[in-house]
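Notes for the one structure printed next.
Naming convention: chains lettered A, B, ... in sequence-line order (proteins, then strands); numbering from 1 in each chain. Side-chain atoms are counted along with the backbone in the values below, which use heavy atoms only and exclude waters and symmetry mates.
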Protein chains: 2
Amino acid sequence: MVIPNIHEFEKPVVTVDIVIFSIIKGKLHILLVKRKEEPSKGEWALPGGFVKIQESLEEAAKRKLLEKTGVKDLYLEQLYTWGDVNRDSRGRVITVSYYALVNAQDKNMQLSDEGAKWTLVNTNLRLPFDHSKIVNYALKRLRWKFEYTPVAFSLLPKTFKLSELKGLYDTVFEKDFDKRNFIKKILSLKILEEAGKEESVANRPAKLYRAKENISPIIGIV
Amino acid sequence: MVIPNIHEFEKPVVTVDIVIFSIIKGKLHILLVKRKEEPSKGEWALPGGFVKIQESLEEAAKRKLLEKTGVKDLYLEQLYTWGDVNRDSRGRVITVSYYALVNAQDKNMQLSDEGAKWTLVNTNLRLPFDHSKIVNYALKRLRWKFEYTPVAFSLLPKTFKLSELKGLYDTVFEKDFDKRNFIKKILSLKILEEAGKEESVANRPAKLYRAKENISPIIGIV
DNA sequence: CCAAAAGTGTTGAAACTACACCCATGG
DNA sequence: CCATGGGTGTAGTTTCAACACTTTTGG
C-alpha cells in the first residue's frame, strides 16, 4: 500500500483549553490557572496544554482536568476549535476548547496548587490569548444546555433541594425564576425522583430529589 | 522575550472536512468527491484537505469550498473537531469539520470536475474514515439550525414562494408540515417581506418573498 | 371548463405567566 | 412565639395542532 507522506506539510501545534465551571457559594465560577511560561507569564488564563500524539482530544482534556482539579467523572463537552493564524505569539497554535461541569462538593475535588483559583464568571473577564472569547462562548453554550438538556445535575450533589436547582438556574441565567412555575415545570418533566428529606435544619425541611437514571437529553426548561 | 520552543512536540496533522448541503430537485443532497489518493483511493468521501500554516481554519474551509463548487458567498459554520488517535491510517490526523449551505441555483455554482457528485442524504451513507459520523452530526446540526434560526434562506434563491420554503422544511425534517400553520408561523415571525409575484405559470401565481436584511439569529420555527 | 397550485380561519387543547399565603421546624 | 425557608393553586393569555374549501391562472 502506498502511504503518501502527509508529514511534508508544516504542521500547527494543537492544544486543548478547558472552561471548568462550578458553583461556589451559589454562584457560577470558572477555574483559572496562573501561567508559568511566556507568553503572558504570571497572568491568569484557562487551563490547557498540548495534545500528545498518542491521546485523543478528549483524553487530553480529561488529563488536564484531572491534573487541575483531581476530579475524574464529570460532564465534559467539546465547544469549538479556534484556529486564527495569530492567536498565539509562539507560532501557529490551534486550540480545541472544551467545557466541563464539576460539582464543587465532590470529595475528590482539590485544586492542584497555589497556581489555580476559582473566579466569578462575568462577561468582562480580561484574559490572555482569545480566552475571553472562549469563556463567553462557553457561557452561551452552558445556557443553551441548561435550557434544553438536564445537564444542571452535573453541578449539584447527588441529592438536592428544588430550591438549590432553581438557584442554579437563577445564577446561570441571571434571572429570578418564579418558584411555583419553576417547580411545576421541573416536576412535569418527570426526570426527578424523591430522595428523602433534609434533616436538622432550623426551618421546615425540604424534600430532596435526585435525577432519574436514564433521562433523555432534550427537555426544554426555560 | 523568551519564546519557549513549542515545536519540540510531535505534532498531529490538521485537516478540514466539509459537509456541503444543497437542494437538488427539492431534495437535500451533499457533495462527495472521489478520493485521488490512498487511503480509500477511488471511494467517495467528504471534500477536505490540509490546513496551511498561514491560513485560518475557516480560510482553509472556504478555499476548499471554492475549489469544489466555484461558490464564494455562502453559509459556513464549524461543526466539530474529530481527534481520535486512529481515525486515519496515515497517522495522527485531526480534522475540523464544517458544514456549508449552497444555493444550487447560484450562477457561479459548478462542480470542479468529474470527481465530484451530489448525493441524496440519508443516514445510511457508507463513507470512509469517520465521514459517516460527520454527516450524521451535520444533519443533526442542520435540523437544529432550521428549527431555531433563519438559516433556511441560504438554500433558496433571493426571492422564493412560501411553498418552496415549506418544501425545504419538509425535506430537512422528513415531515409534511401543515401548510396553513406553517405559513401562519413564518409570517408571524416578521422576518419576510413581500417581493412581487410569480409570472406566467399555469396556475394561480404565488406571492414571492425575501428575507429581511437584519433578522435575528434565533427564531424557533418548528 | 379543466388542471394545478395558491390562499385562507376557526376551534379545542396545551403550555405559559403572574401572583400571595400558609406550613414545618429549631431555637 | 418567632424567624427561616418550604410548599402549594388558579385564572387569563398565548401558542399549537388539526382540519377543507375557494381562488386564480394558463391552456
### Protein-nucleotide distance (Glu198(A), atom CD; dG26(C), atom P), rounded to Å
11 Å
### Query
For the side chain of Arg204(B), counting heavy atoms from C-beta on, which of dC19(D), dT23(D), dG26(C) is nearest?
dT23(D)
### Task
Determine, using ring centers only, whether Trp144(A) and Tyr148(B) are less than 6.0 Å apart.
no
### Message
Please evaluate residues Leu46(B) and Leu32(B) with respect to the criterion side-chain contact (heavy atoms from CB on, under 4.5 Å), reporting the C-alpha separation (whole Å), side-chain torsions for both, the decisive distance (0.1 Å), and the verdict.
### Response
CA-CA 5 Å; Leu46(B) 291 178; Leu32(B) 296 181; 4.1 Å; yes
### Query
Of the nucleotides dT8(D), dG9(C), dA18(C), which has the atom closest to the Arg180(A) side chain?
dT8(D)
### Message
If I take atom CD1 in residue Ile186(B) and atom P in nucleotide dA17(D), what distance separates them, rounded to the nearest angstrom?
### Response
14 Å
### Query
When we call it a touch if two heavy atoms are under 4.0 Å apart, what does Lys179(A) touch: a base, just sugar-phosphate, or nothing?
base
### Query
In whole angstroms, how far is the C1' atom of dA18(C) from the NZ atom of Lys175(A)?
15 Å
#### Entry: Sugar-phosphate only, base, or nothing, as touched by Ser163(B) at under 4.0 Å among non-hydrogen atoms
sugar-phosphate
### Task
Could you tell me whether the phosphate oxygens of dA5(C), OP1 or OP2, come under 4.0 Å of any side-chain nitrogen or oxygen in Lys161(B)?
no
### Task
Under the side-chain hydrogen bond (donor to acceptor under 3.5 Å, both in side chains) rule, what do Lys133(B) and Asn136(B) come out as? Steps first, then yes or no, please.
CA-CA 5 Å; Lys133(B) 249 198 289 184; Asn136(B) 288 334; over 6 Å; no
### Query
How many Å lie between CG on Asp178(A) and C1' on dG7(D), as a whole number?
13 Å
### Task
Check every strand shown and say whether Lys166(B) touches a base, only sugar-phosphate, or nothing at a heavy-atom separation below 4.0 Å.
nothing
### Message
Among dA5(C), dG26(D), dT25(C), which nucleotide has an atom closest to any side-chain atom of Pro205(A)?
### Response
dT25(C)
### Query
Where the side chain of Ala206(B) is defined as all heavy atoms beyond and including C-beta, which of dT24(D), dA20(D), dA6(C) is the nearest nucleotide?
dA6(C)
### Query
Going by the angle between their ring planes, with limits at 30° and 60°, are Tyr75(B) and Tyr99(B) parallel, tilted or perpendicular?
tilted
### Interatomic distance where CZ belongs to Phe177(B) and C1' belongs to dA6(C) [whole Å]
20 Å
### Query
Touch check for Lys184(B), heavy atoms < 4.0 angstrom, all strands: base, sugar-phosphate only, or nothing?
base
### Query
Starting at CZ of Phe182(B) and ending at C1' of dG7(C), how long is that distance when rounded to a whole Å?
15 Å
### Task
Starting from P on dT25(D), measure out to CD on Glu199(B) and report it in whole angstrom.
12 Å
## Note on the structure
Of Lys207(B) and Lys197(A), the one whose closest nucleotide on DNA chain C sits nearer the 5' end is Lys207(B)
### Query
Quick one: does Gln78(B)'s side chain have a donor or acceptor within less than 3.5 Å of a partner on Thr81(A)'s backbone?
yes
### Contact nearer the 5' end of DNA chain D, comparing Ala202(B) with Asn181(A)
Asn181(A)
## Note on the structure
Between CD1 of Ile183(B) and P of dG7(C) the distance, given in whole Å, is 7 Å
### Query
Looking for any heavy atom pair under 4.0 Å, which part of the strands does Ser200(B) touch: base, sugar-phosphate only, or nothing?
nothing
